Amino acid sequence: MGIAKTPEPPYYAVIFTSTRRDGDNGYGATSDQMLELAATMPGYLGVESAREDVGITVSYWQSLEDIARWKKQADHQQARALGRTMWYNSFTTRISKVERDYSFERKDNAEQNSE
């Protein structure tokens with residue numbers, strides 16, 4: 001997983017920040033399944049994720065309606081319930097509208113910027 005290739009704004013970001021409990025307890029497999037499932041949902045644009053002491057996963061969506069549909073998806077609801085009971089010490093979900101974005105990508109040692 002790298003940096004998500006998103007379209008021109010506006011679009012929406014769901015920022016999920018978490019601290020985990022010890023042990024995997026099926027977390028890794030379920031996380032992989034949720035990433036695959038999210039990618040099949042209408043309005044899904046991409047995802048980025050990193051974990052050290054705090055995990056941050058940002059998923060990108062075309063609309064608030066698409067985000068609501070993902071939240072209500074049955075398998076995702078089940079995974080969210082497991083998160084509360086088995087995997088997380090704490091988490092926060094934030095939803096933001098992306099108005100602008102900037103990127104940089106190095107190609108063949110030549111700098112490419114977009115602003």
Side-chain angles (χ1 to χ4, degrees):
M1 181 181 321
I3 296 175
K5 303 289 186 201
T6 52
E8 289 293 316
Y11 53 88
Y12 292 87
V14 176
I15 307 156
F16 180 76
T17 308
S18 64
T19 58
R20 290 266 317 275
R21 297 174 68 183
D22 290 335
D24 183 80
N25 300 314
Y27 175 84
T30 302
S31 177
D32 290 344
Q33 290 170 354
M34 291 302 102
L35 290 173
E36 290 175 16
L37 180 59
T40 70
M41 297 292 293
Y44 172 87
L45 300 174
V47 67
E48 300 162 343
S49 187
R51 174 161 294 285
E52 279 293 325
D53 295 331
V54 173
I56 301 172
T57 299
V58 183
S59 59
Y60 299 100
W61 301 86
Q62 289 180 343
S63 71
L64 292 173
E65 293 79 17
D66 296 326
I67 294 167
R69 191 173 13 260
W70 170 237
K71 184 177 180 181
K72 292 177 184 175
Q73 200 282 338
D75 294 329
H76 185 222
Q77 285 187 330
Q78 184 177 22
R80 289 173 50 228
L82 288 170
R84 290 177 186 273
T85 60
M86 294 180 59
W87 298 321
Y88 298 116
N89 284 321
S90 63
F91 65 81
T92 299
T93 302
R94 298 172 176 95
I95 299 173
S96 301
K97 185 175 184 180
V98 177
E99 298 282 349
R100 296 178 70 181
D101 64 13
Y102 305 92
S103 61
F104 165 85
E105 185 174 345
R106 186 175 308 279
K107 295 182 182 179
D108 300 321
N109 294 324
E111 293 183 7
Q112 300 283 328
N113 288 300
S114 73
E115 290 190 30

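All values derive from a computational prediction rather than experimental measurement.
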Point to revise | Centroid separation Tyr11 to Trp61 less than 6.0 Å | key: no
Scan for salt bridge (charged side-chain N to carboxylate O under 4.0 Å, His left out) pairs involving [range], sequence neighbours excluded, and state none if there are none.
range	value
residues 27-40	none
residues 80-90	none
residues 54-70	Asp66-Arg69

What residues, two or more places apart in sequence or in another chain, satisfy side-chain contact (heavy atoms from CB on, under 4.5 Å) together with [X]?
X	answer
Leu64	Tyr12, Ile67, Ile95
Pro10	Lys97
Ala4	Thr6, Glu48, Tyr60

Exercise for review: Could you grab the distance from atom CH2 of Trp87 to atom CG of Asp24, nearest 0.5 Å is fine?
Suggested key: 8.5 Å
Which residues pass the side-chain hydrogen bond (donor to acceptor under 3.5 Å, both in side chains) test with [X], not counting sequence neighbours?
X	value
Arg21	none
Ser18	Arg51
Lys5	Glu105
Ser90	Thr19

Review point. Is Val47 reachable from Met41 through a run of I, L, V, M, F, W or Y residues, each pair having side-chain heavy atoms under 4.5 Å apart?
Key: yes
**Study point:** Single-linkage hydrophobic cluster, 4.5 Å side-chain cutoff, Ile56 and Leu35 together
**Key:** no
Exercise for review: Spell out, as yes or no, whether a donor-acceptor pair under 3.5 Å connects the side chain of Thr40 to the backbone of Leu37.
Suggested key: yes
Point to revise | Under 3.5 Å donor-acceptor, Ser31 side chain and Tyr27 backbone | key: no
Exercise for review: Decide side chain to side chain contact (heavy atoms under 4.5 Å, CB included) for Ser96 and Ile15; before the verdict, give the C-alpha distance in whole Å, the side-chain angles of both, and the deciding distance to 0.1 Å.
Suggested key: CA-CA 8 Å; Ser96 301; Ile15 307 156; 4.0 Å; yes
Sequence neighbours left out, cut at 3.5 Å: what donor-acceptor pairs do the side chains of residues 71-79 make with other protein atoms?
from	atom 1	to	atom 2	distance (Å)
Gln73	OE1	Asp75	N	2.8
Gln73	OE1	His76	N	2.8
His76	ND1	Trp70	O	2.9
His76	NE2	Trp70	NE1	3.4

Check your understanding: Looking at Arg20 and Asn89, what are the two nearest heavy atoms and their distance?
Key -> O-ND2, 3.1 Å
Practice item. Quick one: list whatever passes ring pair (Phe, Tyr, Trp, His ring centres under 6.0 Å) with Phe16, sequence neighbours left out. Key: Tyr88, Phe91
Practice item. Answer yes or no: is there a side-chain heavy-atom contact under 4.5 Å between Arg94 and Val14? Key: no
